[in-house]
Each structure stands twice: as C-alpha cells, then as structure tokens.
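Notes to accompany the following structure.
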Number of protein chains: 2
Amino acid sequence: MQRQKGVALWRQIADRIRANIAEGFYEASGMVPPETQLAEEFGVNRHTVRAAISALAQEGIVRAVQGRGTLIERRDKFAFPIGRRTRFTQGIGDQARDIRGYLLGSEEEVASADLCSWLKLEVGTRVIRIDAMRQADGRALSRSTAWFPADRFRGIDEAFRATESITKALALLGVPDYLRDVTEISAVHAEPDDVAQMGLTPGSIVLVTKALNTDADGVPIQYAVTRFPADRVQFTIRS
Amino acid sequence: MQRQKGVALWRQIADRIRANIAEGFYEASGMVPPETQLAEEFGVNRHTVRAAISALAQEGIVRAVQGRGTLIERRDKFAFPIGRRTRFTQGIGDQARDIRGYLLGSEEEVASADLCSWLKLEVGTRVIRIDAMRQADGRALSRSTAWFPADRFRGIDEAFRATESITKALALLGVPDYLRDVTEISAVHAEPDDVAQMGLTPGSIVLVTKALNTDADGVPIQYAVTRFPADRVQFTIRS
DNA sequence: CGCGATTTGTTCGTATGTATC
DNA sequence: GGATACATACGAACAAATCGC
C-alpha cells in the first residue's frame, strides 16, 4: 500500500476492502481476513487496519466479532440495464422486493440554455422540474432531477407523487410509451447533498447519468440527471 | 463544506472545483473565483482553498497567477461512445491529435471459471491475456486487460504490438468485423497501480468497463476489463 | 505616470488528526 | 496505551503582482 497525500491511509484501505468485498474476493470464507494478515498485506500497522474495518462496520458492510473474525454482511450490487427501453422500476424489479420513488419537490421554471438544447426547445420555454429519490429495500438507489416541457406535461409532479413512477405518470398524461435516446455516464465524488440524502459515506463515488427520453415520434419529452451510489449500482448496456 | 473524516478537506474542495470546471461552471470568466470567495463559499480557511488549487495546478487543470487570479488550463473530457460497433481509437479519434496503444505484456494462460462463462468456453481452455494502456495526447486514457481464445487468436499479442490497435490486430487474424455484445460499467477508487501507471491523483475515481465482443456470427472472441480515469472520460450510449 | 483595489504568495503561530513504534 | 513525527486546518498579518482609473 502506497503512501498518498490527502486521503487517510485507513480510508484507502477501507476503500480497497470494500471493493474486494464487492467483487466477491472473500466469498469463499464469507469473511474478511484477520487484521494481522491485512496489516501485513497492505504494509501498515494493525491500528490502521482496525480504523478501516471500524469504518466499514459503521457502513454496515462488515461486522467484527471478537474471537471469530470480521463477517461480511452484504455485498450485493444492483445491475441497472440501459437501453432503448430503459425503465427504472422495471430494470431492477426482480432484484429487490420493495422499490419506492419519492417526490422530493417540483417546480415550474424557465429552461436553461443547456436544457433547451437537450429538449430542443425555444429559449425561454417553461419546464417542470421534478426532484425525486428512489429506494430499494430501504437503501437509497438514486437521486434524480428531471425536466419536462411545462405546456405538455403540466400536472406530472402530482401524477408522479401518486404513482411513484415516471412511466406511469407519463402514461396518465397521454404518453403510453417512450424511448431512451442517449445516455451519458460519468463519475464524481459524492457531494454533501449525496452524503446526506442517500446515506453515503464521505469521499465515496457517485455515478452520474444524463439521459434524454423521447416519445414514440422522436420528440424529446424528458431530460434527467440521476446520481447513483457507485457501490450499490452497476450499469449494463446490451448492444 | 462538510467536515468529513478520512478525506482531507483540501482534497474534497479540489474534487468539487475540478467537477465544476469539467461541467463548464466557470466558463464565462475562464477562471476560478478568487481564493477568498471560494473560502467563504466552502466555509473554510483560505489556506485550505490554496491547498486545493495547488493540487489542481499540479494536475495541470488550473494555473494561478499572482495579481490576476487562477486561470483554467484544461476542462476537456473525452466522450467515449458505447454501442454495437464500439471501437477504441475510432471513438475518440477526432477528440485527440495523438492516440497510442502500448502493449504492457501478454501471456497464455488457462481461463478462469468466470472468464469461461463470458467467452462460452469449456473449463480448462487456454486463452491469451493482453495488458495494454492507451494514451491520448500524452495523457493516459485507459488501462485494459483483454482475453482471447488462444487456439483461434495465437499471435494477437504481436499483432497488437505492431498495429497498436485491437481492431487491426483482429483483422490481421481473420476477423474483419466484430460487435459489442454487452458492456458493464461501474466505478471504484483508483488502486495504487492506477495511480502509478496512469498518473492519477490518490483517491481519484476510476470507471471500470467489462465488455464482451463477438464476431459477425455472434461467437464470443474477446472479453476485456478496462479502467478509465473518471475525470478524463465520460461514456455516451446512443440507444 | 501613480494610486488604490483586487488577488495570489508567504510567514508566523496554534490546535487537531493521522500513523508508527 | 503512551510517545513521537508528520499532515491537516485555522487565524492573522504582510508582501508582491496585476488591473483599471
């Protein structure tokens, strides 16, 4: 393990152990190797490894039991498919028992220049913004901001609040089907808002998608920016 | 700015400024706001902001000039398209002047169980592993490990070393065309190897793709794991 | 040209966090 | 657990460069 500035050693080690768990590295035993072994492996003091494990225990990823070892509590990642018919709830429907969508807030506003170019709107057109969060089995899965042309989709906020689904809300407003046109994927460090709202750990990673959906005629109807915790989600693109 | 343990404050702030620059947040002025303003904005001491800016200057993203301010040097991100005909060099060909592929090493080995299921091989089949790195205009863009069935693609390592391109190497071995079947995308913290080989900063983010390519008949020919620096790359999926 | 306002660069000191032994 | 070394963060001042008037 390499000494690096700006990130505490114990956090670097916590990140690597977390990644190892996510990749099923310790699957055989179902537990993390002993602290002394990890300390030697990473070339650090055992105190440092203990700090890392303590942080992981705080996250609920592992549980240290005196005399037995450090047990792995959960290591499941949701696979989120992206394609022409990308649907949030449907995509991960069989991977979780309980999927919920919460309306955090909504507002009608004037579209920004950037948004206008995405939705192909005249400058100054009004749009409805919907801030939402989605949970699967009690764990936050995403935080999204979506914009819809206001004149066509007035009332979509209430429809979403009632149905907890964009697909169903759009159906209520006369769009029975829609298609994913383009998806951009990038990754950034979690912002304080991510940490607070999705229960992430500081310094963790957030996958960001920017997506454009169109109706069956190819007319843009929704532009959305969605933030996913990288340790709970991976994307799958079938070409 | 929220105080968080394990990650230095100056690093959190550097991450946020870097993200802001990448999103074109400061585009109007072409420079980052004054240190005093940033300090107030993030609720930290000016020293801390200076440490963050110093790190960004080290990366070549900004340049601080006494009396003038902090100029933005670079805010380009490569857009890497993913689709049925995903090609590395072709995808970013018009975004960089000089794209190179280096063969780091290659070896013939027995395929792991996981790899066998991806490539639809019998257990125990031999494969050729190719470790490669790609640079665009001198900056590391990716680090990949690819596996090919050994009996069909013997000599592909030499072909890749000569052509610096998987596409051309496959063509030399009788595969004029191939198609991307599935791509998985996830994100992790940079490992020490990433930091060393791609010149990343500690604690930064790496986007990981796992991809399966097939020949025109749908027979799997290549499985590859590729690691991209998240601050230099974003993916685009056209559905 | 000088002047002040703005902005980065530097140097003290002090307190706390991190990592090792 | 205690001692030690180093990194991190804050605060207050002052120096030096740039710009507009």
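Here is how names work: the chains are called A, B, and so on, in the same order as the sequence lines, proteins then strands, and each is numbered from 1. Model, not experiment: these values are computed from the prediction. Basis for what follows: all heavy atoms, side chains included, without hydrogens, waters or symmetry-related copies.
- A straight line from CD of Glu35(B) to C1' of dC10(D) spans 15 Å, rounded to a whole angstrom.
- Here the P atom of nucleotide dA16(D) and the CD atom of Gln66(B) are 9 Å apart, to the nearest Å.
- Put simply, CZ on Arg11(B) is 15 Å from P on dT18(C), counting in whole angstrom units.
- Distance CZ (Phe42(B)) to P (dC10(D)): 13 Å, rounded to an integer number of Å.
- Straight-line distance from the CE atom of Met31(B) to the P atom of dC19(D): 10 Å, rounded to whole Å.
- Rounded to an integer number of Å, the gap from CD of Gln12(A) to P of dT18(C) is 13 Å.
- The residue among Pro34(B) and His47(B) whose nearest nucleotide of DNA chain C is located toward the 5' end is Pro34(B).
- Between dG11(D) and Asn45(B), a contact under 4.0 Å exists linking OP1 or OP2 to a side-chain N or O.
- One atom, CD1 of Ile53(B), and another, C1' of dA9(D), lie 16 Å apart when rounded to the nearest Å.
- Checked against dC10(D), dT18(D), dA19(C), the side chain of Arg68(B) finds its nearest nucleotide in dT18(D).
- The side chain of Arg50(B) contributes an N or O atom lying less than 4.0 Å from OP1 or OP2 of dG9(C).
- In this structure a side-chain-to-backbone donor-acceptor pair under 3.5 Å is missing from Glu107(B) to Ile130(B).
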Decide ring-ring contact (aromatic ring centres under 6.0 Å, His included) for Phe235(B) and Phe228(B); before the verdict, give the C-alpha distance in whole Å, the side-chain angles of both, and the deciding distance to 0.1 Å. CA-CA 10 Å; Phe235(B) 298 116; Phe228(B) 301 82; 5.1 Å; yes
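- For Thr48(B) and dT8(D), the shortest distance from a side-chain N or O to OP1 or OP2 is not below 4.0 Å.
- At the phosphate of dT6(C), neither OP1 nor OP2 sits under 4.0 Å from any side-chain N or O atom of Thr36(B).
- Taking atom CD of residue Gln37(B) and atom P of nucleotide dT6(C), one finds them 12 Å apart after rounding to whole Å.
- With values rounded to the nearest 0.5 angstrom, Arg87(B) atom CZ is found 10.5 Å from Phe80(B) atom CZ.
- Listed candidates were dT20(C), dA17(D), dT8(D). Nearest to the side chain of Trp10(B) is dT8(D).
- The CD atom of Glu191(A) lies 5.0 Å from the CZ atom of Arg16(B); values are rounded to the nearest 0.5 Å.
- For the pair Ser29(B) (side chain) and Met31(B) (backbone), a donor-acceptor distance under 3.5 Å is present.
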